[in-house]
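Chain letters run A, B, ... following the sequence lines, proteins first, then strands; residues in each count from 1.
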Amino acid sequence: MRGKVVQPGLNFEYLMWIFTRISGLALIILAMIGLVAAFIYGARTQMDIGALLRWTFFPNPNHVTSTNIPDLEPNWVNAFWQVMQMLIVFFGVTHGFNGLRVVVEDFTGQSFWRPLLRGLIFLLWIFVMIVAVYVILAS
Amino acid sequence: MGLERKVGITTGLKYRGGGPMLVWLLHRISGLGIILFVGLHVLASFFTQQFGSDWAIAVNTVYESFWFQILVVFIVLFHALNGLRIVILDFRPELLQYQREAIWIEWAVFIPLYGLAVFLIIQYGLAGG
């Protein structure tokens with residue numbers, strides 16, 4: 001392959017390679033938005049790091065019931081943060097389960113386990129996405 | 001996957017890849033850790049929200065303990081910073097000749113950030129916050 005430019009075709013592996021990078025950047029940006037918002041809404045004086053991490057990645061009113069933050073209503077309980085959570089769930093869960101698939105397929109190679117485990121990971125991905133979106137919408 | 005690899009675990013353990021291998025390994029382990037953590041956490045949140053199940057509340061209690069937070073902050077922060085390094089080097093391949101320096105920069109950013117986080121977690125943990 002030396003000295004030759006390899007043109008990647010638009011296959012599944014290539015798309016997931018690109019998606020992993022895009023979603024990773026998206027997650028960092030989304031987390032930064034959550035972190036900055038948490039500080040603006042008073043995290044510096046009212047939260048420990050665990051609660052800050054929870055607000056950063058998943059600003060859901062059910063998510064911090066054990067910490068004493070005075071009022072959630074004006075800042076966090078609205079459609080904007082629900083959309084942000086769904087974006088984080090989509091990018092995070094898809095990035096994660098694709099990573100799991102890559103690691104698993106590094107170990108299985110081309111055996112009959114490969115399609116089997118790929119199907120199982122796909123089902124798990126769908127399942128976790130549905131449960132997470134349900135938690136967001138039911139909050 | 002056209003590669004035929006017959007590397008046993010003992011040969012694998014003897015391979016000394018140095019810094020780049022260490023961050024590759026940590027990236028995989030931390031990624032698998034996040035899947036386990038987030039997957040369980042999503043399920044526990046669902047069962048806490050809908051049924052108030054005891055096991056789900058127990059899982060959340062473990063997650064809220066400060067020694068677990070020390071672990072989670074390490075895993076999340078490392079995975080994010082190392083992922084950022086990979087993305088930058090992949091999108092700017094001309095920087096690949098500096099990949100070892102990039103790993104040193106990554107640790108130089110990671111260690112102060114993580115140290116500060118651990119300090120605050122322990123401070124809060126000991127204060128009973």
In terms of heavy-atom proximity below 4.5 Å to chain B, should A/Trp17 be classed as side chain, backbone, both, or neither?
side chain
So which part of B/Phe91 gets closer than 4.5 Å to some heavy atom of chain A, the side chain, the backbone, both or neither?
side chain
Tell me, side chain or backbone of B/Val38 under 4.5 Å from chain A's heavy atoms, or both, or neither?
neither
Please check if atom OH in B/Tyr63 has more than 12 non-hydrogen atoms from other residues, nucleotides or ligands closer than 6.0 Å.
yes
Looking at B/Trp55, I'd like to know if its CH2 atom is crowded, meaning that more than 12 non-hydrogen atoms belonging to other residues, nucleotides or ligands lie closer than 6.0 Å.
yes
In plain terms, say whether A/Arg118 and A/Glu13 are close enough for a salt bridge, that is, a side-chain N and a carboxylate O under 4.0 Å apart.
yes
What verdict does the side chain to side chain contact (heavy atoms under 4.5 Å, CB included) test give for B/Asn82 and B/Leu26, after you've listed the backbone C-alpha separation in whole Å, the side-chain angles of each residue and the deciding distance to 0.1 Å?
CA-CA 9 Å; B/Asn82 193 50; B/Leu26 276 176; over 6 Å; no
B/Ile34 versus chain A, the contacting section by heavy-atom distance below 4.5 Å:
neither
Chain B contact via A/Leu100 - which portion, at a heavy-atom distance below 4.5 Å:
both
Of the options B/Val109, B/Leu113, B/Val72, which is the one that meets B/Leu77 in a side chain to side chain contact (heavy atoms under 4.5 Å, CB included)?
B/Leu113
